[in-house]
Amino acid sequence: MTRSLFGGICLISVALSGCAGLGGSPGAAQKLPLKVVVEPIILEAPITKSTQIHSFDEAPSPEIESVILAQLVDEIQTKAQRLLTEHLARQGGVLVVPFDETRRILADIAPSDSPTR
């Protein structure tokens, strides 16, 4: 979460710096929407078992527990990113890069061991 928060702050700072450096009247710069990209959300909660975040009729066997836990955490992170992107897109004054486009861009530039893949 710290990395995502830092990345978001840097992105907003760069965007605001760019807007401040535009020539012309202040009114013209204010009419341009702020472009926002929502980075992946990283869940850092101390979750050690899938049963802490999902209900099962029977608890998963120890052999598949780590696989199921990883899938559930990935689903939560992806859904959080999508919901935040959709929420921001409904707000006035910002232009939000669509969720699917953001995921494609990140897949192209992220290292293979990053949480976005």
Side-chain angles (χ1 to χ4, degrees):
M1 176 146 167
T2 303
R3 188 191 87 193
S4 293
L5 181 60
F6 178 72
I9 291 171
C10 289
L11 177 65
I12 291 172
S13 297
V14 169
L16 292 176
S17 303
C19 291
L22 293 174
S25 67
Q30 292 173 353
K31 292 180 184 176
L32 296 173
L34 179 65
K35 190 169 189 175
V36 177
V37 175
V38 177
E39 289 190 350
I41 308 292
I42 307 298
L43 180 65
E44 293 184 352
I47 298 171
T48 57
K49 293 188 171 268
S50 61
T51 55
Q52 292 175 293
I53 55 176
H54 188 75
S55 297
F56 297 93
D57 290 335
E58 292 182 30
S61 68
E63 295 83 31
I64 62 169
E65 172 62 35
S66 63
V67 173
I68 291 176
L69 179 60
Q71 288 175 343
L72 289 170
V73 168
D74 184 58
E75 287 177 21
I76 290 169
Q77 293 174 162
T78 302
K79 186 171 184 175
Q81 182 185 7
R82 179 183 297 277
L83 290 173
L84 182 56
T85 300
E86 291 170 355
H87 175 74
L88 290 173
R90 292 188 299 268
Q91 306 304 307
V94 294
L95 176 63
V96 180
V97 175
F99 173 79
D100 292 333
E101 185 179 335
T102 300
R103 298 292 283 188
R104 279 193 302 275
I105 292 168
L106 288 173
D108 290 342
I109 62 173
S112 60
D113 63 342
S114 76
T116 61
R117 287 210 170 186

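Of all non-hydrogen atoms in P60 and I68, the two that sit nearest each other are CB-CD1, 3.7 Å. Closest of all the heavy-atom pairs between Q91 and V94 is O-CG2, 4.0 Å. In this structure, V38 and T102 approach most closely via the heavy-atom pair O-CG2, 3.4 Å.
Scanning for side-chain contact (heavy atoms from CB on, under 4.5 Å) contacts around S61 gives E63, I64, with sequence neighbours left out. Every residue meeting the side-chain contact (heavy atoms from CB on, under 4.5 Å) condition with V67, not counting sequence neighbours, appears here in chain and number order: Q71. Qualifying side-chain contact (heavy atoms from CB on, under 4.5 Å) partners for I47, counting only residues two or more places apart in sequence or in other chains: L43, A45, Q52, I53, L69. Every side chain to side chain donor-acceptor pair (under 3.5 Å) that S50 has, sequence neighbours left out, goes to E65. For the ring pair (Phe, Tyr, Trp, His ring centres under 6.0 Å) test, residues two or more places apart in sequence or in another chain that qualify with H54 are F56. With sequence neighbours excluded, the residues satisfying side-chain contact (heavy atoms from CB on, under 4.5 Å) with E86 are R82, L83, R90.
Here ring-ring contact (aromatic ring centres under 6.0 Å, His included) pairs that include residues 85-107, with residues two or more places apart or in two chains, number zero. Annotation: ring-ring contact (aromatic ring centres under 6.0 Å, His included) contacts involving residues 63-83, sequence neighbours excluded, are absent.
Only one option out of L72, I76, T78 pairs with D74 in a side-chain contact (heavy atoms from CB on, under 4.5 Å); it is T78.
Looking at heavy atoms from C-beta onward, I41 lies in side-chain contact with L84 at the 4.5 angstrom threshold. At least one side-chain heavy atom of R103 sits less than 4.5 Å from a side-chain heavy atom of Q81.
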